[in-house]
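First the proteins, then the strands, lettered A, B, ... as listed; each starts at 1.
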Protein chains: 2
Amino acid sequence: MTLNELKAIQLAELFSALSDANRVRIISTLLEKEMNVSDIAEKTQMSESAVSHQLRGLRQMRLIRGRKSGRQVFYSLDDDHVKKLYLMGLDHVKHG
Amino acid sequence: MTLNELKAIQLAELFSALSDANRVRIISTLLEKEMNVSDIAEKTQMSESAVSHQLRGLRQMRLIRGRKSGRQVFYSLDDDHVKKLYLMGLDHVKHG
DNA sequence: TGAATATATGAACAAGTATTCATATATTAT
DNA sequence: ATAATATATGAATACTTGTTCATATATTCA
């Protein structure tokens, strides 16, 4: 039952990926539908560069994935875990 | 459906609380049963001071709660959300 | 090929966070 | 009251992380 060190680090990294309000807003935006970088930037009121940097971290943690189409990249949530983590967190914040 | 700024910040703070390997190990330790500070320190191989500092943050996020008994304080997970968040994160890390 | 557009990246600085050490508070026992 | 034990806290330092600006890569169109 005891957590090994590698898993502890990986878990911490996963939660780190969601530990910034801008990234949370990006995830929230992607809950509805896939979106390209400039749309995400507009929706979240961030610079495209900042968005791109943040997307990179989210990609590395496999929270989102990108689908390239021409010169645009459409991002969406990687799997259902992400949505569940987000919603459970929101639930805790709301009535925790 | 759009997340307001306050909620985004609160969510980020919640995930921040889980974004450190030492805190994750503390949570993991408390999954089994409530435990006092020095036991947590021993289990996680941290100094008691470091544990106490981390417990403070976890308490503030209402991820854990303390029950005072004499001069000891027994900590346990605050509610079921926390366990679910942890387990879902672990699931993502394992087969994500 | 060259210009325009979408995204990504590197480096530098600013801001936030964890750990350590010293000290403080609280509780119990003598 | 004093000593001993458990936990908490403050300040300082070291570390990590986010943002910005400049530049790079990739794709499309003329």
Between A:Arg59 and A:Tyr75, a side-chain donor and acceptor under 3.5 Å:
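The answer is yes; a qualifying pair exists.
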So if I apply the side-chain contact (heavy atoms from CB on, under 4.5 Å) rule between A:Ile26 and each of A:Leu55, A:Ile64, A:Leu18, which one comes out positive?
A:Leu55
Sole residue of A:Thr29, A:Val24, A:Asn22 in side-chain contact (heavy atoms from CB on, under 4.5 Å) with A:Thr44:
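It is A:Thr29, the one option of A:Thr29, A:Val24, A:Asn22 that forms the side-chain contact (heavy atoms from CB on, under 4.5 Å) with A:Thr44.
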Just the rounded figure in Å: distance from [atom2] of [N] to [atom1] of [X].
{"X": "A:Asn36", "N": "C:dA8", "atom1": "CG", "atom2": "C1'", "answer": "14 Å"}
{"X": "A:Gln45", "N": "D:dT20", "atom1": "CD", "atom2": "P", "answer": "13 Å"}
{"X": "A:Ile9", "N": "D:dC15", "atom1": "CD1", "atom2": "P", "answer": "17 Å"}
{"X": "B:Met35", "N": "D:dT7", "atom1": "CE", "atom2": "C1'", "answer": "17 Å"}
{"X": "B:Glu42", "N": "D:dT7", "atom1": "CD", "atom2": "P", "answer": "12 Å"}
{"X": "A:Leu55", "N": "C:dT7", "atom1": "CG", "atom2": "C1'", "answer": "10 Å"}
{"X": "A:Ile40", "N": "C:dA8", "atom1": "CD1", "atom2": "C1'", "answer": "14 Å"}
{"X": "B:Met46", "N": "D:dT7", "atom1": "CE", "atom2": "C1'", "answer": "14 Å"}

When we call it a touch if two heavy atoms are under 4.0 Å apart, what does B:Glu48 touch: a base, just sugar-phosphate, or nothing?
base
When we call it a touch if two heavy atoms are under 4.0 Å apart, what does B:Ser52 touch: a base, just sugar-phosphate, or nothing?
base
Answer yes when A:Asp78 and A:Arg65 have at least one side-chain N-carboxylate O distance shorter than 4.0 Å, and no when they do not.
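Yes, A:Asp78 and A:Arg65 are salt-bridged.
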Nearest non-hydrogen partners of A:Asn4 and A:Leu6, listed with the distance
OD1-N, 3.0 Å
Closest non-hydrogen atoms of B:Glu48 and B:Ala41, given as atom of the first, atom of the second and distance, are CG-CB, 3.9 Å
Polar atoms only, N or O, under 3.5 Å: list the protein pairs with nucleotides 15-18 of chain C and their distances.
unit_1: C:dA18; atom_1: OP1; unit_2: B:Arg23; atom_2: NH1; d: 2.5
unit_1: C:dA18; atom_1: OP1; unit_2: B:Arg23; atom_2: NH2; d: 2.7

Looking at A:Ser49 and D:dT19, is any side-chain donor or acceptor paired with a base atom of the opposite kind under 3.5 Å?
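Such a pair does not exist between side chain and base.
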Nearest-nucleotide 5' precedence on DNA chain D, B:Asp39 against B:His53:
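In this pair, the answer is B:Asp39.
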Check whether A:Ile9 and B:Leu90 end up in the same hydrophobic cluster, where Ile, Leu, Val, Met, Phe, Trp and Tyr are linked by side-chain heavy atoms less than 4.5 Å apart.
no
Taking everything shown except B:Lys84 itself, do over 12 heavy atoms lie less than 6.0 Å from its NZ?
no
Please report the interatomic distance CZ(B:Phe15) to CD1(A:Ile27), rounded to the nearest 0.5 Å.
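Rounded to the nearest 0.5 Å, the CZ-CD1 separation comes out at 9.0 Å.
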Taking protein heavy atoms under 4.0 Å as touching, what does nucleotides 25-30 of chain D look like 5' to 3' if B marks base contact, S marks sugar-phosphate-only contact and - marks none?
-SBS--
Ignoring backbone atoms, test whether [X] places a side-chain nitrogen or oxygen under 4.0 Å from the OP1 or OP2 oxygen of [N].
{"X": "A:Arg56", "N": "C:dG10", "value": "yes"}
{"X": "A:Tyr75", "N": "C:dA8", "value": "yes"}
{"X": "A:Arg59", "N": "C:dA8", "value": "yes"}

Under 4.5 Å between any side-chain heavy atoms of A:Lys94 and B:Gln10, yes or no?
no
